Amino acid sequence: MSEPIIVERDGAVATVVLNSPEKMNAMNQAMWQGLADAMERLSADDEVRCVVLRGAGGKAFSAGADIEEFPRTRKDKAAARAYGRVTHRAMQAVAGCRHPTLAVIHGACVGGGLELAAVCDMRLCGASSRFGAPINRLGLVMSYGELGGLVALAGPAVALEIVLEGRIFGAEEALGKGLVNRVVEDARLDEEGDAAARRIAAGAPLVARWHKRFVRRLADARPLSEAELDEAYDCFDTEDFGIGYRAFLAKARPAFVGR
């Protein structure tokens with residue numbers, strides 16, 4: 001039996017592969033658990049500078065939940081609540097990853113796949129990719145933990161349109177709704193995803209982590225404290241700042257060390 005989640009490493013870039021291509025990478029309980037474990041390990045690894053999420057097989061990022069396991073795992077409210085703790089842990093592990101996360105989306109990105117992509121920091125998709133969440137046809141509610149990332153990414157009006165209509169739509173509409181950052185020709189998607197990951201990994205890793213935290217904090221309506229405002233200047237005391245500006249002046253490529 002193949003591993004439900006595969007982790008590949010290429011230097012500072014880690015790629016997490018949803019590995020159930022025969023089911024268009026529909027997420028079952030083992031995949032959610034494996035995803036949470038993998039993301040928590042990678043987040044704790046200071047050698048990582050970018051995490052890419054993709055689906056195996058090239059036909060789908062993820063087609064959502066594996067409905068065939070519902071009679072076992074979501075047969076009633078108690079079972080669904082227990083299952084929800086598993087999925088929420090995975091979502092939180094992706095959303096809370098210290099390193100930048102990039103979803104590279106081939107084909108279907110539907111239901112749980114869309115929820116998962118929404119909590120990544122960036123999303124690139126192929127021109128033939130498809131999006132949506134037709135859970136109204138299953139009589140299912142998207143829980144707070146699942147819906148939150150979609151609302152934060154695209155806003156309440158778009159999130160409601162997606163869950164109320166249950167319509168499947170294409171890549172250009174997803175771009176217009178703010179669900180993806182870029183649409184790329186299908187044949188070039190892997191190349192562009194790799195290039196984007198390398199650009200992210202080439203940056204100063206402490207700066208990337210600060211920017212992730214700052215953007216999240218700015219979504220909070222509470223006023224910023226003096227300590228929070230002051231933190232924006234901590235970068236000037238890092239070794240990477242010296243490396244960066246000296247490389248710029250020398251017209252050289254910086255080799256950041258994460259200190």
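Small disclaimer: the values here were computed from a predicted structure and weren't measured.
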[X] versus [Y], closest heavy-atom pair with distance:
X	Y	value
Met142	Ala133	CE-CB, 3.8 Å
Gly166	Arg137	O-NH2, 2.7 Å
His88	Ser143	NE2-OG, 2.9 Å
Cys125	Ala171	SG-CB, 3.7 Å
Gly113	Phe61	O-CE2, 3.4 Å
Leu18	Ser62	CD1-CB, 4.0 Å

Measure the [atom1]-[atom2] distance between [X] and [Y] for me, rounded to the nearest 0.5 Å.
X	Y	atom1	atom2	value
Ser129	Glu172	OG	CD	10.5 Å
Asp10	Cys50	CG	SG	11.0 Å
Ile135	Leu147	CD1	CG	8.0 Å
Trp32	Met91	CH2	CE	3.5 Å
Glu40	Gln92	CD	CD	9.5 Å
Ile243	Thr238	CD1	OG1	8.0 Å

Donor-acceptor pair, distance only, cut-off 3.5 Å: does the side chain of [X] make one with the backbone of [Y]?
X	Y	value
Ser43	Arg98	yes
Asp186	His106	no
Asn25	Ala63	no
Asn19	Glu3	yes
Glu228	Ser225	yes

Taking side chain as C-beta onward, heavy atoms only, is [X] less than 4.5 Å from [Y]?
X	Y	result
Arg85	Arg81	yes
Asn136	Leu164	no
Trp210	Asp234	yes

Could you check whether [X] pairs with [Y] (Lys NZ or Arg NE/NH1/NH2 to Asp/Glu carboxylate O, under 4.0 Å)?
X	Y	answer
Lys23	Glu69	no
Asp66	Arg74	no
Arg9	Glu47	no

Tell me if the [atom1] atom of [X] is crowded by more than 12 foreign heavy atoms within 6.0 Å.
X	atom1	result
Glu165	CD	yes
Arg253	CZ	no
Glu185	CD	no
Phe248	CZ	no
Glu22	CD	yes

> Under the side-chain contact (heavy atoms from CB on, under 4.5 Å) test, which residues partner Val104, sequence neighbours left out?
Replying inline: Val52, Arg54, Leu102, Leu189, Asp190

>> What verdict does the side chain to side chain contact (heavy atoms under 4.5 Å, CB included) test give for Arg182 and Met122, after you've listed the backbone C-alpha separation in whole Å, the side-chain angles of each residue and the deciding distance to 0.1 Å?
In response: CA-CA 9 Å; Arg182 294 198 293 279; Met122 289 178 56; 4.3 Å; yes

>> Show, in sequence, the C-alpha distance, side-chain angles and deciding distance for Arg217 and Glu231, and conclude whether the salt bridge (Lys or Arg N to Asp or Glu O under 4.0 Å) test is met.
In response: CA-CA 12 Å; Arg217 179 62 180 88; Glu231 187 181 10; over 6 Å; no

[X]-[Y] co-clustered via ILVMFWY side chain contacts under 4.5 Å:
X	Y	result
Leu124	Leu114	no
Val184	Ile105	no
Leu160	Phe169	yes
Val163	Leu138	yes
Val151	Val110	no

>> Classify the ring geometry of Phe241 against Tyr245: parallel below 30°, tilted from 30° to 60°, perpendicular beyond 60°.
In response: tilted

> For Asp37 and Arg89, what are the C-alpha separation, side-chain angles and deciding distance, and is it a side chain to side chain contact (heavy atoms under 4.5 Å, CB included)?
Replying inline: CA-CA 9 Å; Asp37 291 342; Arg89 176 182 164 230; 2.5 Å; yes

>> Filter on salt bridge (charged side-chain N to carboxylate O under 4.0 Å, His left out), then keep only pairs touching residues 107-135, sequence neighbours left out; what's left?
In response: Asp121-Lys212

> Does NZ or CZ of Lys177 fall inside the cone over Phe131's six-membered ring, less than 6.0 Å from its centre and within 45° of the axis?
Replying inline: no

>> Could you walk me through whether Leu53 and Met39 satisfy the side chain to side chain contact (heavy atoms under 4.5 Å, CB included) test, starting with their C-alpha distance in whole Å, then the side-chain angles of each, then the deciding distance to 0.1 Å, before giving a yes or no?
In response: CA-CA 10 Å; Leu53 275 75; Met39 292 302 302; 4.2 Å; yes

> Pick from Val94, Val86, Thr87: which one makes a side-chain contact (heavy atoms from CB on, under 4.5 Å) with Leu35?
Replying inline: Val94

>> Using the rule given for side chain to side chain contact (heavy atoms under 4.5 Å, CB included), can you reason through Ile162 versus Leu150, listing the C-alpha separation, both sets of side-chain angles and the distance that settles it, and then say yes or no?
In response: CA-CA 10 Å; Ile162 289 169; Leu150 192 58; 4.3 Å; yes

